2 protein chains.
Amino acid sequence: MRDLYRMPGHLIRRMHQISVSVFAARMRAAGQDLTPVQFAALAALSAHSGVDQATLAGLIAYDRVTLGGVVDRLEAKGYLVREVSETDRRARILRLTPEGEAALDRARPVVDAVQDEMLAGLTRAERDELLRLLHKAAEAGNARSRAPLRAPQAERPAQG
Amino acid sequence: MRDLYRMPGHLIRRMHQISVSVFAARMRAAGQDLTPVQFAALAALSAHSGVDQATLAGLIAYDRVTLGGVVDRLEAKGYLVREVSETDRRARILRLTPEGEAALDRARPVVDAVQDEMLAGLTRAERDELLRLLHKAAEAGNARSRAPLRAPQAERPAQG
DNA sequence: CCTAATTGACAAGTATACTTATCATAAGTA
DNA sequence: TACTTATGATAAGTATACTTGTCAATTAGG
């Protein structure tokens, strides 16, 4: 069997762990209080205001049940509001509040810095190549995930 | 700000999600019941029998508290035993049972198959390059993780 | 030797990230 | 229209994956 330390699964998990750790550290240093999924939800909601929870989950590739809890916490922070849809009373329509938009704008530069720091060990060319390979592999594996990405086609072309 | 779908953090998370999903599906199909971290713990313990929990956590780059719960569940399954160390009464020495060794041996080929399936969209050359880049980035980011890898130097040379 | 700092393990709390099941509502078909 | 299926949301349960705090035991320094 191949060495644990050479397994794609192990290395992906390590990079995810590093990513989450750097994200938390940078957010904390900036005096902000958003988790990665909370940021993703705010960003997607800003671009697609008025979608329901299930649609938002698809836009950022999260399980609907998981996203329900995330939305709970964002609502508690006053960053978004839930309204019952007028056309489908099962659905909850989500909208950012001005506070939510402000929190998102504050977070954007911090999140950009996180992306650079987590790949600090790679040259620029290597980062580009890693990004290309991850994008290709993630696209190919989308259906194998429990929560496939369901984004507008225009936003996820086949190659980066 | 760069597109969410092009962010390293997002793509890493997606690949992790796909990895975990494929792992669970393959394990289930094989009639086995191990999670990724449980497998990693068994594999590391098989190679380093008799280490304590904190050392095992370092060997697979997990938080000590998290690993405590993992070990609880492996103990409940009868895959390992905990003994108080004779040289340090704070420490719990871990050893695989024959059932644990058997479960590990059954899992190995399944886990190997998972590694291939999660990168199904890439050519062999691309997989090798992705692995190299992930290894390099993970090594560089090790200290930025909350639970750095503390493996014997011989088992993690700088390049794969 | 004695105090201080460290370490191994665990408790409690938070936040994902899933599972299955349930409920209400919608949409489809006969 | 009646029946069936599908869907949006939530509840309950499991398993990470961390945080801080506590306790006991060990080690290091003076």
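Keep in mind that this is a model prediction, so the values were computed, not measured. Atoms considered below: every heavy atom in the structure, side chains included; atoms not considered: hydrogens, waters and symmetry mates. In what follows, chains are A, B, ... by sequence order, proteins preceding strands, each numbered from 1.
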Exercise. Between A:Gln17 and D:dT16, does any side-chain N or O lie under 4.0 Å from OP1 or OP2?
Worked result: no
Exercise. Would one find a side-chain N or O of A:Thr66 under 4.0 angstrom from OP1 or OP2 of C:dA15?
Worked result: no
Problem set entry | Separation between CE of A:Met118 and NE2 of A:His16, rounded to the nearest 0.5 Å | 9.0 Å
So which nucleotide from [options] ends up closest to the side chain of [X]?
{"X": "B:Val65", "options": "C:dA24, D:dT16, D:dC18", "answer": "D:dC18"}
{"X": "B:Arg89", "options": "C:dA9, D:dT26, D:dT10", "answer": "D:dT26"}
{"X": "A:Tyr62", "options": "D:dT19, D:dA9, C:dA17", "answer": "C:dA17"}
{"X": "B:Arg82", "options": "C:dA9, D:dA9, C:dC10", "answer": "C:dC10"}

For this session: Just name whichever nucleotide pairs with C:dA30, Watson-Crick or G-U, keeping both distances under 3.5 Å, else none.
Result: D:dT1
For this session: Go through the side-chain N and O atoms of A:Ser145 and B:Arg14 and say whether any donor and acceptor fall under 3.5 Å apart.
Result: yes
For this session: Check if the side chain of A:Arg90 and the base of D:dT7 share a donor-acceptor pair of N or O atoms closer than 3.5 Å.
Result: yes
Problem set entry | Test item: A:Gln32 side-chain N/O and A:Arg106 main-chain N/O as donor-acceptor pair under 3.5 Å | yes
Problem set entry | Value in whole Å for how far the C1' atom of D:dC18 lies from CZ of A:Arg14 | 14 Å
For this session: Take the protein atom CE of A:Met27 and the nucleotide atom C1' of C:dA15, then report the distance between them rounded to whole Å.
Result: 15 Å
Seminar exercise, completed: Assert: residue with more 5' nearest nucleotide on DNA chain C, out of A:Asp88 and A:Pro36, is A:Pro36
